[in-house]
Asks: 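One structure coming up, written as structure tokens, with questions to follow.
Quick note: numbers below take in every heavy atom, side chains included, and nothing from hydrogens, waters or symmetry partners. First listed ligand is number 1; within each ligand, the first listed atom is number 1.
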Amino acid sequence: MIIGLTGGIASGKSTVSAMFRELGAYVVDADIWARRVVSPGSSGWKEIVDFFGREILTEDGELNRPKLAELIFHHPDYRHRLNAITHPKIRIGMKEETEDYLKQYPGQPVIWDVPLLFEGDTHQLVDETFLVYVPYDIQLERLMKRNQLSEEEAKARIASQMPLDSKRKLADYLIDNSLTLEHTREQVQSIWRTIQQNACQE
Ligand SMILES: CC(C)(COP(=O)(O)OP(=O)(O)OC[C@H]1O[C@@H](n2cnc3c(N)ncnc32)[C@H](O)[C@@H]1O)[C@@H](O)C(=O)NCCC(=O)NCCS
Ligand SMILES: Nc1ncnc2c1ncn2[C@@H]1O[C@H](COP(=O)(O)OP(=O)(O)OP(=O)(O)O)[C@@H](O)[C@H]1O
């Protein structure tokens, strides 16, 4: 069984994903694959340099991530271009990692941690979807604080994704991360118990 875990930028998906890992869950992380598929010299890296120019690199030849973020969160065309380069490669990586894990541990649940699960069609590849939800004001406040962004910059990043209130309607289950971490952990523990029981019965 593959469980899709998603959220909105800074809604707490990585926090929840770490909680699942602590309980022993195997998590395939799209943000990690997003970094792998653009490592210097890779085909993804070359396609990005062809499109954005060498100005998008640091002196070490790595992608200048803050610069790329600044560009793509303000220009939908650039974002779509970056997505078109990276998303198919991320998906292949995630599928391969899942297959490798399931060869070793057949029947075990796998969690796919994917920020843009509902923006694309990745949700069609998973069996159930979980949304880490917070109201807009909390999302904005946590994003500004974590990334040291102005309100305008943080709003632009949130606006580049489907609103959490729309994702809420699409997800099978919600994890409310608007209160304390302990409150969130209790929900994660309860979900993990249910997932494991279902896995045993399959
Ligand atoms: C723009 C980049 C260079 C910014 O890097 P940075 O290290 O600052 O952020 P990081 O990769 O940790 O992403 C942070 C969050 O930003 C949001 N985000 C990232 N890319 C996108 C995007 N294309 N559209 C909307 N939101 C995005 C997600 O919520 C993500 O969890 C990087 O996010 C990137 O390469 N994005 C394209 C690949 C992608 O879509 N990744 C998301 C997972 S599929
Ligand atoms: N319940 C909580 N109470 C207070 N702060 C929290 C809570 N959960 C997460 N945070 C903080 O909010 C910020 C965003 O959380 P996190 O990095 O887990 O979000 P995310 O959804 O993975 O973001 P992204 O998609 O941008 O990577 C972090 O600074 C984190 O420490």
Side-chain angles (χ1 to χ4, degrees), residues 4-22 27-40 42 44-45 47-49 51-52 56-58 62-95 111-123 125-126 130-149 153-164 167 175-188:
L5 178 68
T6 194
I9 189 163
S11 77
K13 193 178 44 60
S14 307
T15 304
V16 165
S17 169
M19 288 177 182
F20 274 116
R21 278 202 181 92
E22 277 165 27
V27 180
V28 178
D29 186 328
D31 281 337
I32 290 182
W33 277 104
R35 284 182 163 73
R36 282 193 189 136
V37 301
V38 299
S39 61
S42 65
W45 177 90
E47 285 174 53
I48 291 173
V49 176
F51 183 78
F52 289 94
I56 208 64
L57 300 178
T58 65
E62 300 268 351
L63 284 189
N64 184 336
R65 301 181 73 84
K67 195 168 176 180
L68 192 52
E70 168 74 26
L71 278 175
I72 70 135
F73 288 120
H74 284 98
H75 301 281
D77 291 355
Y78 291 157
R79 186 166 65 248
H80 295 147
R81 185 71 206 133
L82 182 66
N83 291 349
I85 294 170
T86 54
H87 288 184
K89 299 181 203 309
I90 294 171
R91 190 187 279 211
I92 290 171
M94 293 184 74
K95 278 186 178 171
I111 297 182
W112 275 25
D113 175 343
V114 187
L116 305 175
L117 190 74
F118 290 120
E119 280 84 348
D121 50 12
T122 312
H123 62 279
L125 302 178
V126 303
F130 285 83
L131 175 71
V132 183
Y133 177 82
V134 292
Y136 183 84
D137 288 352
I138 295 185
Q139 185 182 16
L140 182 63
E141 187 188 307
R142 288 188 187 160
L143 178 57
M144 286 170 66
K145 194 167 159 205
R146 187 193 63 186
N147 289 36
Q148 300 291 303
L149 296 177
E153 284 171 315
K155 281 183 171 167
R157 291 189 189 200
I158 293 174
S160 75
Q161 302 185 341
M162 186 191 290
L164 275 171
K167 291 186 182 179
I175 300 171
D176 173 15
N177 186 37
S178 61
L179 301 172
T180 61
L181 290 173
E182 213 31 61
H183 178 253
T184 302
R185 185 170 280 113
E186 280 164 17
Q187 297 169 72
V188 172

Asks: Determine, for Arg79 against Glu119, whether the closest basic-nitrogen to carboxylate-oxygen distance falls under 4.0 angstrom.
Replies: no

Asks: Show which atoms of ligand 2 fall inside a sub-4.0 Å distance from at least one heavy-atom site of Ser14.
Replies: 18 (O), 20 (P), 22 (O), 27 (O)

Asks: Consider side chain to side chain contact (heavy atoms under 4.5 Å, CB included). Of Ile175, Thr184, Leu140, Leu164, which one does Val134 pass it with?
Replies: Leu164

Asks: Number the atoms of ligand 2 from 1 as they appear, then name those within less than 4.0 Å of a heavy atom of Leu179, with their elements.
Replies: 1 (N), 2 (C), 3 (N)

Asks: For atom 9 (C) of ligand 2, find the nearest protein heavy atom and state the residue, atom name and distance (0.1 Å precision).
Replies: Thr15 OG1, 3.5 Å

Asks: What are the two closest non-hydrogen atoms of Gly7 and Lys167, and how far apart are they?
Replies: O-NZ, 2.8 Å

Asks: Does an N or O anywhere in Pro115 fall below 3.5 Å from an N or O of ligand 2?
Replies: no

Asks: Check the orientation of His123 and Phe118. Use parallel for under 30°, tilted for 30 to 60°, and perpendicular for over 60°.
Replies: tilted

Asks: Just heavy atoms, cut-off under 4.0 Å: does Val16 contact ligand 2 by side chain, backbone, both, or neither?
Replies: neither

Asks: Nearest heavy atom to atom 6 (C) of ligand 2: which of Arg157, Lys13, Arg142 does it belong to?
Replies: Arg142

Asks: Distance to 0.1 Å, residue and atom name: give those for the protein heavy atom nearest to atom 27 (O) of ligand 2.
Replies: Arg146 NH1, 3.6 Å

Asks: In Å and rounded to the nearest 0.5 Å, what is the CG to CH2 distance from Leu117 to Trp112?
Replies: 9.5 Å

Asks: Hey, is ligand 2 close enough to Asn177 that some N/O pair sits below 3.5 Å?
Replies: yes

Asks: So is Gly7 in contact with ligand 2, going by heavy-atom distances below 4.0 Å?
Replies: no

Asks: Which ligand 2 atoms are under 4.0 Å away from a heavy-atom of Gly8?
Replies: 21 (O)

Asks: Regarding Arg35 and Asp29, does a basic nitrogen lie under 4.0 Å from an acidic carboxylate oxygen?
Replies: no

Asks: Which protein N or O atoms sit under 3.5 Å from any N or O of ligand 1? Give atom names and distances.
Replies:
unit_1: ligand 1; atom_1: 5 (O); unit_2: Arg65; atom_2: NE; d: 3.4
unit_1: ligand 1; atom_1: 5 (O); unit_2: Arg65; atom_2: NH2; d: 3.4
unit_1: ligand 1; atom_1: 7 (O); unit_2: Arg35; atom_2: NH2; d: 3.0
unit_1: ligand 1; atom_1: 7 (O); unit_2: Arg65; atom_2: NE; d: 2.8
unit_1: ligand 1; atom_1: 11 (O); unit_2: Arg65; atom_2: NH2; d: 3.0
unit_1: ligand 1; atom_1: 23 (N); unit_2: Asn83; atom_2: OD1; d: 2.7
unit_1: ligand 1; atom_1: 26 (N); unit_2: Gln161; atom_2: NE2; d: 3.0
unit_1: ligand 1; atom_1: 29 (O); unit_2: Gln161; atom_2: NE2; d: 2.9
unit_1: ligand 1; atom_1: 31 (O); unit_2: Asp31; atom_2: OD2; d: 3.0
unit_1: ligand 1; atom_1: 40 (O); unit_2: His87; atom_2: NE2; d: 2.7

Asks: Salt bridge or not between Lys67 and Glu70? Use side-chain N to carboxylate O under 4.0 Å.
Replies: no

Asks: Using a plain distance cutoff, I'd like to know if Ala10 has any nitrogen or oxygen under 3.5 Å from a nitrogen or oxygen of ligand 2.
Replies: yes

